[in-house]
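For reference, the structure discussed in these notes is given below.
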Amino acid sequence: MVLNCKYEAVLEVLFGKWKTVILFNLFSNGTMRFSELQKAIPDITKKMLTHHLRELEYHDIVHREVYQQVPPKVEYSISAYGRSLLPVLLAMNEWGMAHGKHLTELYGEESGQ
């Protein structure tokens, strides 16, 4: 059986240290302001958060709502299309947990995970 490989498309959307963390926060908390995302992910720089949010918005995974007020207010949420990623992210998380357990069984607690 030959598969029409589209893994690259998935990786393009999810690749990056912070994208899955951003998505986890938005799936868990719903709509969040930029500052709330920064607080929820303290190790991410403002520049990197902006970059990843723009990429996720480009792929229609994240919706960006700008309110015309002073000071400006911007909120981010998972788009309707982006919600289709939830089963993928849950499967990845499940596999990651199983993989961590597997490494612990192979190498013990100090496996360097």
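Val74 and Leu23 end up in the same hydrophobic cluster when Ile, Leu, Val, Met, Phe, Trp and Tyr side chains are linked at under 4.5 Å. One hydrophobic cluster holds both Leu86 and Val13 under the rule that ILVMFWY side chains link at heavy-atom gaps under 4.5 Å. Cluster membership for Val10 and Ile22, using ILVMFWY side-chain heavy atoms within less than 4.5 angstrom, is shared. Criterion: ILVMFWY side-chain heavy atoms under 4.5 Å apart, direct or through other members. Under it, Val66 and Leu56 are part of a common hydrophobic cluster. One hydrophobic cluster, built from ILVMFWY side chains closer than 4.5 Å, holds both Met92 and Val62.
Within the 4.5 Å cutoff, no side-chain heavy atoms of Val21 are placed close to those of His52. By the 4.5 Å heavy-atom criterion applied to side chains, Leu37 and Asn29 are not counted as neighbours. Between Ile61 and Tyr81 the shortest side-chain heavy-atom distance falls below 4.5 Å.
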Chi angles and distances behind the side-chain contact (heavy atoms from CB on, under 4.5 Å) call for Leu85, Leu14: CA-CA 10 Å; Leu85 263 179; Leu14 296 179; 4.0 Å; yes
Assess whether side-chain contact (heavy atoms from CB on, under 4.5 Å) is satisfied between Leu53 and Glu57, documenting all intermediate values. CA-CA 6 Å; Leu53 284 168; Glu57 183 182 4; over 6 Å; no
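Once rounded to the nearest 0.5 Å, the distance linking CD1 of Ile78 with CZ of Phe27 reads 4.5 Å. Going from atom CG of Leu26 over to atom CD of Glu36 covers 10.0 Å, rounded to the nearest 0.5 Å. If you take NZ on Lys19 and CG on Leu89, they are separated by 12.0 Å, rounding to the nearest 0.5 Å.
Other residues, nucleotides and ligands contribute over 12 non-hydrogen atoms within 6.0 Å of the CD atom of Glu105. Atom NZ of Lys73 has more than 12 heavy atoms from other residues, nucleotides or ligands within 6.0 Å.
A side-chain contact (heavy atoms from CB on, under 4.5 Å) with Tyr76 is found for one member of His63, Arg33, Arg64 and no other, namely Arg64.
When every heavy atom of Ser77 is checked against every heavy atom of Thr31, the shortest pair comes out as CB-OG1, 3.6 Å.
In the model, His51 has a side-chain atom that pairs as donor or acceptor with a side-chain atom of Glu55 under 3.5 Å.
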